[in-house]
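Read the numbers this way: they start at 1 and go in the same order the structure lists the ligands and their atoms. None of these values were measured; they are calculated from a predicted model.
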Amino acid sequence: MNEKNIFIVRAGEAALKGENKPYFERMLVERIKKLLKRFDGVEVTRKEGLIFVHADKSIPPEDIIKWVSKAFGVQTISPAVEVESDIEAIGRAAVEYMNGIIAERDIKTFKVKAKRADKQFPVESPDIARQVGAMILKGCKVLKVDVHDPDCYLYVNVRKGISYIYQDKIEGFGGLPLGTNGKGLVLLSGGIDSPVAAFMMAKRGMAIETIHFHSYPYTSERAREKVEDLASQLAVYCSRFKMHIVNLLPIQEEIVRHCPEEETTIHVRMFMMRIAEKIAEKNGCTMLVTGESLGQVASQTAEALVVTNSAVSMPVMRPLIALDKTEIIAIAQEIETFETSIEPYEDCCTVFLPKHPLTKPKTERILKSESTLDIDDLVEKAVDSEEIVDIFPKK
Ligand code: ATP
Ligand code: MG
């Protein structure tokens, strides 16, 4: 029965979605299948509220766990053993399983937790735990039961026909399956914050596209490669996506020529929003996403955010708004974007950076300064000049 490695995958919130539950679970299965496509000999199935992965023994189990846990919507994963749903057979398999654990780890105590999903099974859950526990005590002489603080829990999940034995529940990211919550356009810089913002929205099921602004030749080819590198790390979680690339330099030069120096950054931010909104509309994205965090820099004060927002009518999601930099960095490290983000390449925001940026801009004053610019024309030209790059998940 056991020529394959078996993994039980539990959906998090997707499992709570009432009538939409089959849809969310189907999307999750599709996503897991896609992530496991890199291996031959893997089967993903859904049965009675759980997802099962059967994988050839030649594939290291840690590789399966690594990739399954990258699917948003996965709460936990357990490598498991399959056994016929018969109390004697379960007991024998449990003894063999525990002997395997003893050989690898120094454990002295255990506790069996049993769940009877098949209500027709003749033994009730507490009795399953008791009987299997007794068989383990007989078959693994070094072990004792500790119901309060055991070195190891052994889970027994009795289902119709086939039951499962496992010990670990490895945590995934949780969230909702990718693509179950619309599509957003993420303003992706080369910094630490915006990849984390993209990750957080995608974790709630939002499919993403990204837009990156550069100021070539003030910003280098290498700076752009860095952003593509970051994007491909994001694609590990967010699947393949489009990156729109726009040179902002002509607009920045207009701003510098016509607007007061201390306002430069806020004007640049507003143009980024306007261009992003147009490109979002053209590509079926209904929201913009940024990595802004309240008060982090001059352009992210409460006043500055109000002004920036006034440039667009599309909703702007700012998932990092209430996070501290240390909290953002912790996520960036977890999702492995941090090391690339801190590579020291120039960003278009640092070109023409004012010495004393306004921290409390007023919309009225900013719009007045902009009235000397042909905003629609500048935005249209920028949109028309976009380049599109297909971003694939990093290997
Ligand atoms: P990050 O770490 O994301 O670069 P930051 O602290 O440097 O953030 P800003 O430069 O003020 O902040 O940018 C705020 C947000 O504006 C970014 O999180 C990102 O969403 C967007 N943004 C900034 N620069 C760019 C860019 N060159 N291309 C696309 N989006 C950008
Ligand atoms: Mg930045």
Side-chain angles (χ1 to χ4, degrees), residues 184-202 208-216 218-220 223-228 230-231 233-234 242-249 251-252 264-280 285 287-305 307-309 311-312 314 316-321 323-333 335 337-354 357-359 361 382-383 386-387 389 391:
L185 181 63
V186 182
L187 285 81
L188 190 70
S189 70
I192 297 167
D193 305 329
S194 44
V196 174
F199 173 87
M200 285 177 74
M201 293 310 290
I208 64 156
E209 291 193 13
T210 56
I211 180 166
H212 175 67
F213 298 97
H214 64 87
S215 315
Y216 190 80
Y218 286 85
T219 56
S220 64
R224 173 180 155 159
E225 282 167 19
K226 170 190 166 180
V227 178
E228 288 186 29
L230 261 183
Q233 176 60 21
L234 259 185
K242 263 202 263 180
M243 179 146 86
H244 306 265
I245 299 183
V246 173
N247 189 342
L248 206 58
L249 187 59
I251 292 181
Q252 288 175 297
T264 311
T265 310
I266 199 88
H267 290 296
V268 169
R269 311 269 324 128
M270 290 169 84
F271 273 96
M272 282 186 179
M273 291 296 199
R274 291 181 182 118
I275 296 164
E277 182 179 48
K278 285 278 176 297
I279 289 180
C285 300
M287 296 179 182
L288 301 178
V289 178
T290 77
E292 288 160 313
S293 162
L294 190 61
Q296 195 188 79
V297 287
S299 60
Q300 296 172 31
T301 61
E303 293 83 355
L305 291 176
V307 180
T308 313
N309 242 33
V312 289
M314 191 174 271
V316 182
M317 299 290 120
R318 298 179 169 91
L320 312 186
I321 198 71
L323 295 190
D324 289 355
K325 196 74 184 189
T326 51
E327 295 169 302
I328 299 168
I329 288 174
I331 302 173
Q333 283 169 331
I335 66 174
T337 52
F338 183 72
E339 293 301 326
T340 310
S341 288
I342 58 173
E343 285 174 17
Y345 293 100
E346 61 295 334
D347 178 70
C348 75
C349 288
T350 52
V351 179
F352 308 120
L353 196 66
L358 271 189
T359 54
V383 170
E386 71 160 337
E387 261 178 88
V389 181
I391 303 291

- Item | ring-ring contact (aromatic ring centres under 6.0 Å, His included) involving Phe199 - partner list, sequence neighbours excluded | Phe72, Phe173, Tyr237
- Query: How about Phe213 and Ile275: do any of their side-chain heavy atoms sit closer than 4.5 Å?
  - Reply: yes
- Message: If the cut-off is 4.0 Å to any non-hydrogen atom of Leu188, which atoms of ligand 1 fall inside it?
- Response: 28 (N), 29 (C), 30 (N)
- Task: Of the side chain and backbone of Val186, name the one, both, or neither that has a heavy atom under 4.0 Å from an atom of ligand 1.
- Result: neither
- Item | Residue Gly291 vicinity, atoms of ligand 1 by number, heavy atom under 4.0 Å | 17 (C), 18 (O), 20 (O)
- Query: What's the verdict on ring-ring contact (aromatic ring centres under 6.0 Å, His included) for Phe352 and Tyr218, showing C-alpha distance, side-chain angles and the deciding distance?
  - Reply: CA-CA 10 Å; Phe352 308 120; Tyr218 286 85; 5.5 Å; yes
- Query: For ligand 1, which atoms, with element, lie under 4.0 Å from some heavy atom of Ile192?
  - Reply: 2 (O)
- Message: Whether the Ser293 and Gln300 side chains hold a donor-acceptor pair (N or O, under 3.5 Å, no angle test) is what I'd like checked.
- Response: no
- Looking at Thr290, which atoms of ligand 1 are within less than 4.0 Å of one of its heavy atoms? 20 (O)
- Distance-only side-chain donor-acceptor flag, Glu387 / Asn247, under 3.5 Å: no
- Task: For atom 12 (O) of ligand 1, state which one of Gln296, Gln300, His212 supplies the nearest heavy atom.
- Result: Gln300
- Please state which part of Leu248 comes within less than 4.0 Å of ligand 1, counting heavy atoms only: side chain, backbone, both or neither. neither
- Item | Polar side chain donor-acceptor pair, Glu303 to Thr359, under 3.5 angstrom | no
- Task: Report yes if some N/O of Pro195 lies less than 3.5 Å from some N/O of ligand 1; otherwise report no.
- Result: no
- Message: Polar contacts were defined as any N/O atom of the residue lying under 3.5 Å from an N/O atom of the ligand; does this apply to Asp193 and ligand 1?
- Response: yes
- Val289 to ligand 1: N or O pair under 3.5 Å? no
- Note on the structure: Output for pair (Ile321 CD1, Gln296 CD), nearest 0.5 Å, gives 9.5 Å
- Ignoring hydrogens and angles, state whether a donor on the side chain of Thr265 or Ser299 is under 3.5 Å from an acceptor on the partner side chain. no
- Does ligand 1 have an atom under 4.0 Å from some heavy atom of Arg269? yes
- Item | Subset of ligand 1 atoms that lie under 4.0 Å from at least one heavy atom of Gly191 | 1 (P), 2 (O), 4 (O)
- Message: For the residue pair Arg269 / Asn309, report whether a side-chain donor-acceptor contact shorter than 3.5 Å exists.
- Response: no
- Message: According to side chain to side chain contact (heavy atoms under 4.5 Å, CB included), who are the partners of Lys226, at least two apart in sequence or on a separate chain?
- Response: Arg222, Thr340, Glu343, Tyr345
- ligand 1-proximal atoms of Ser299, by part, heavy-atom distance under 4.0 Å: side chain
- Item | For Ile211, the ligand 1 atoms whose distance to one of its heavy atoms is below 4.0 Å | 29 (C)
- Query: So is there a nitrogen or oxygen of Leu187 less than 3.5 Å from a nitrogen or oxygen in ligand 1?
  - Reply: yes
- Task: For Cys348, counting its heavy atoms only, list the atoms of ligand 1 lying under 4.0 Å from any of them.
- Result: 27 (N)
